[in-house]
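Read the structure below first, then the notes.
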Amino acid sequence: MKTRFAPSPTGHLHIGGARTAIFAWLQAKANNGKFLLRFEDTDKERSKKEYVDSIINSLKWLGIEPDEKPLFQSDRINRHKEIALDLHKKGLAYSCNVSSERLEEVRKIQQQNKQQPRYDGFSRDLNLPHEEGNVLRFKMPLDGITSFEDKILKKISINNKELDDFIILRSDGSPTYNFCAAIDDLDMQITNVIRGDDHLTNTLKQINILKAMNSELPEYAHLPMVLSSSGKRLSKREGALDILEYKKMGYLKEAMVNYLIKLGWSFKEQEIFSESDLIEHFDIKNVNSSAAKFSQELLDFYNNHYLKESNLEELFVYINGNFSLSEKFMRNDKKFEIVDLMREGSKNISNLVDELTFFYEDPDISDELMKNIQIDKSLLDSFKEELKEVDFKDKLLIGVFIDSFLTKNNMKFPLLGKPLRLILTGKSNAPSISDLLYLIGKESCINRIDNYLNS
RNA sequence: GUCCCCUUCGUCUAGCGGUUAGGACACCGGGUUUUCAUCUCGGCAACAGGGGUUCGAUCCCCCUAGGGGACGCCA
């Protein structure tokens with residue numbers, strides 16, 4: 001089995017493209033096959049080297065590496081031209097010199113007549129010699145139906161009347177996408193084509209090219225689209241980010257892959273999949289046939305999961321390498337324990353790093369929060385004095401001290417805990433008090449309480 | 001507009017003619033020797049509508065509605 005991912009380098013890789021790549025890659029890996037990468041860069045205006053690099057880097061981040069050197073469609077123009085001309089020679093394509101003005105006119109009339117706008121076959125039987133300035137059009141069958149068995153969507157068929165004689169060679173002699181894609185898949189011996197279902201009609205056209213060449217058809221699987229959370233097509237405006245932006249925000253690749261693969265695919269009731277789980281269980285036939293909306297909450301859930309699951313040392317090195325922790329924090333001898341604690345409730349790494357500040361810097365307590373601190377200052381003062389005597393070597397002893405202090409003063413925990421959390425961290429959302437006291441350290445804690453008492 | 005595809009809890013999904021329609025996220029509530037969060041236990045919540053076929057339809061067929069896609073000398 002051989003699969004491929006064939007992006008056009010006209011933009012960064014976003015969620016939808018990344019998902020397609022993962023599916024194609026997994027389909028190959030799950031079947032001991034090869035996964036190839038092909039850049040469809042026949043649009044010279046919009047294709048950029050910058051995007052080629054960005055796409056390769058994105059795939060690399062996700063752990064996807066092609067099994068052969070990436071192929072560039074633009075390197076194969078001569079081959080495409082040659083075949084196009086050959087089709088012409090065999091009478092399977094024809095030269096056409098209809099002006100774009102007339103094409104537009106025809107489309108307008110068709111629309112008015114509630115017909116599908118399409119080329120009307122004006123030059124089909126003119127037998128024009130192919131000369132500079134003309135386009136070459138493919139002769140689509142005039143009747144019958146084109147159909148195929150999609151691995152995900154099942155039977156797809158269309159009346160050939162709906163398909164028009166599309167251009168395979170432009171008037172400047174350059175080959176077009178649908179033609180190149182069909183030829184390349186053939187030459188690369190791709191056995192399984194996996195792409196978004198926005199390619200459905202392209203597939204129908206490409207099948208006819210392949211049929212005209214008496215070639216065998218690959219198997220096709222069309223993935224339903226990923227829509228934005230509001231159900232619209234993913235676009236910049238609809239929140240389609242460069243996949244590497246997620247890396248920058250502190251999403252782990254394991255989380256991204258797990259989320260993306262679960263967006264449409266399922267295996268029993270399992271939610272968490274390692275790479276080897278995926279390779280073992282992935283089967284394209286278990287992909288859902290309907291479109292899915294992007295969900296930030298679910299991505300966050302997976303990210304939090306992998307943040308908690310990953311090896312602490314490795315995670316720490318990764319965080320420091322990509323998010324450069326502050327000097328002060330790196331000098332803290334409890335830094336590993338702090339990260340270990342703080343990853344429990346973190347959605348992503350940049351968020352986690354932000355939450356680290358109060359462990360090495362006295363917090364600024366906003367006036368808003370200050371108002372929420374309600375505690376008897378003399379009580380807090382005696383708490384502080386007794387705290388000075390507590391052994392901070394052991395977290396458990398701190399817990400024991402808090403318990404006894406509460407009992408002695410006959411008070412409920414929240415009465416002490418809530419204001420103390422604010423004083424210590426400047427936040428109302430933070431880990432348990434004994435964890436905080438222990439990890440912030442005795443000296444800083446006492447300092448912060450003093451600061452409050454003196455304010 | 002024409003053609004194609006899709007339609008199960010708010011979201012991601014399981015189901016493949018007979019199920020109390022299952023799981024996960026989110027949300028809500030209880031518990032964790034009293035804590036916002038974590039953890040844990042529990043709860044809420046769905047077969048788009050209408051016709052068939054069938055002893056029986058979430059599941060098969062048709063229609064309607066809604067959503068998405070394609071309709072380029074872009075890919």
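Numbered from 1 within each chain, the chains take letters A, B, ... in sequence-line order.
The existence of a salt bridge linking Lys262(A) and Glu271(A) is confirmed by a sub-4.0 Å separation between a basic side-chain nitrogen and an acidic carboxylate oxygen. For the pair Glu337(A) and Lys395(A), the salt-bridge criterion is not met [side-chain N within less than 4.0 Å of a carboxylate O].
Using a 4.0 Å cutoff on non-hydrogen atoms, the parts of residues 120-147 of chain A near RNA chain B are Val135(A), ordered by number. Only Glu40(A), Thr42(A), Asp43(A), Arg46(A), listed by number, bring a heavy atom of residues 38-48 of chain A to less than 4.0 angstrom from any atom of RNA chain B. Within residues 348-365 of chain A, no residue has a heavy atom under 4.0 Å from RNA chain B.
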In 5'-to-3' order, the base (B), backbone-only (S) or no-contact (-) status of each nucleotide in nucleotides 58-65 of chain B, using a 4.0 angstrom heavy-atom cut-off, is --------

With B for base contact, S for sugar-phosphate-only contact and - for none (protein heavy atoms under 4.0 Å), nucleotides 22-32 of chain B reads BBSS-------

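Candidate nucleotides A75(B), C39(B), U35(B) were compared by shortest atom distance to the side chain of Ile433(A), and U35(B) ranks first. Nearest to the side-chain atoms of Leu406(A) among the listed nucleotides G1(B), U13(B), U34(B) stands U34(B). Of the candidates A14(B), C73(B), U11(B), C73(B) carries the atom nearest the Leu103(A) side chain, counting heavy atoms from C-beta on.
In this structure, Glu162(A) places its CD atom 11 Å from P of C5(B), rounding to the nearest Å. Rounded to an integer number of Å, the gap from NZ of Lys81(A) to P of C73(B) is 18 Å.
Residues satisfying the side-chain hydrogen bond (donor to acceptor under 3.5 Å, both in side chains) test with Asn202(A), not counting sequence neighbours, are Asn178(A), His199(A). By the side chain to side chain contact (heavy atoms under 4.5 Å, CB included) test, Ser229(A) is found to be paired with no residue, residues two or more places apart in sequence or in another chain being considered. Among residues two or more places apart in sequence or in another chain, the side-chain hydrogen bond (donor to acceptor under 3.5 Å, both in side chains) test is passed with Arg4(A) by Asp185(A). Taking the side chain to side chain contact (heavy atoms under 4.5 Å, CB included) definition, one finds that Asn311(A) meets it with Glu313(A), Glu314(A), sequence neighbours left out. Scored by the side-chain hydrogen bond (donor to acceptor under 3.5 Å, both in side chains) test, Lys49(A) finds Asp53(A) as partners (sequence neighbours excluded).
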Please list, one pair per line, the donor and acceptor atoms closer than 3.5 Å that link side chains of residues 127-144 of chain A to other protein atoms, with sequence neighbours excluded.
| residue | atom | partner | partner atom | Å |
| --- | --- | --- | --- | --- |
| His130(A) | ND1 | Ser95(A) | OG | 3.0 |
| Asn134(A) | ND2 | Ser95(A) | OG | 3.0 |
| Arg137(A) | NH1 | Asp165(A) | O | 2.7 |
| Lys139(A) | NZ | Gly91(A) | O | 3.3 |

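Side-chain contact between Ser310(A) and Arg343(A) is present, with heavy atoms from C-beta onward closer than 4.5 Å.
For the residue pair Leu62(A) and Ala18(A), the shortest heavy atom distance occurs at CD1-CB, 4.0 Å.
Phe273(A) pairs in a ring pair (Phe, Tyr, Trp, His ring centres under 6.0 Å) with only one of the listed residues (Tyr306(A), Tyr259(A), Phe282(A), Trp265(A)), which is Trp265(A).
For a distance-only test at 3.5 Å, the side chain of Ser289(A) fails to qualify as a donor-acceptor partner of the base of C6(B).
Rounded to a whole angstrom, the distance from the C1' atom of C59(B) to that of U7(B) is 14 Å.
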Below 3.5 Å between N/O atoms, which protein atoms pair up with nucleotides 67-71 of chain B? Just atom names and distances, please.
| residue | atom | partner | partner atom | Å |
| --- | --- | --- | --- | --- |
| G68(B) | OP1 | Lys232(A) | NZ | 3.3 |
| G69(B) | O3' | Arg233(A) | NH1 | 3.3 |
| A70(B) | OP1 | Arg233(A) | NH1 | 3.1 |
| A70(B) | OP2 | Arg233(A) | NH1 | 3.3 |
| A70(B) | O2' | Thr201(A) | OG1 | 2.7 |
| C71(B) | O2' | Pro117(A) | O | 2.6 |

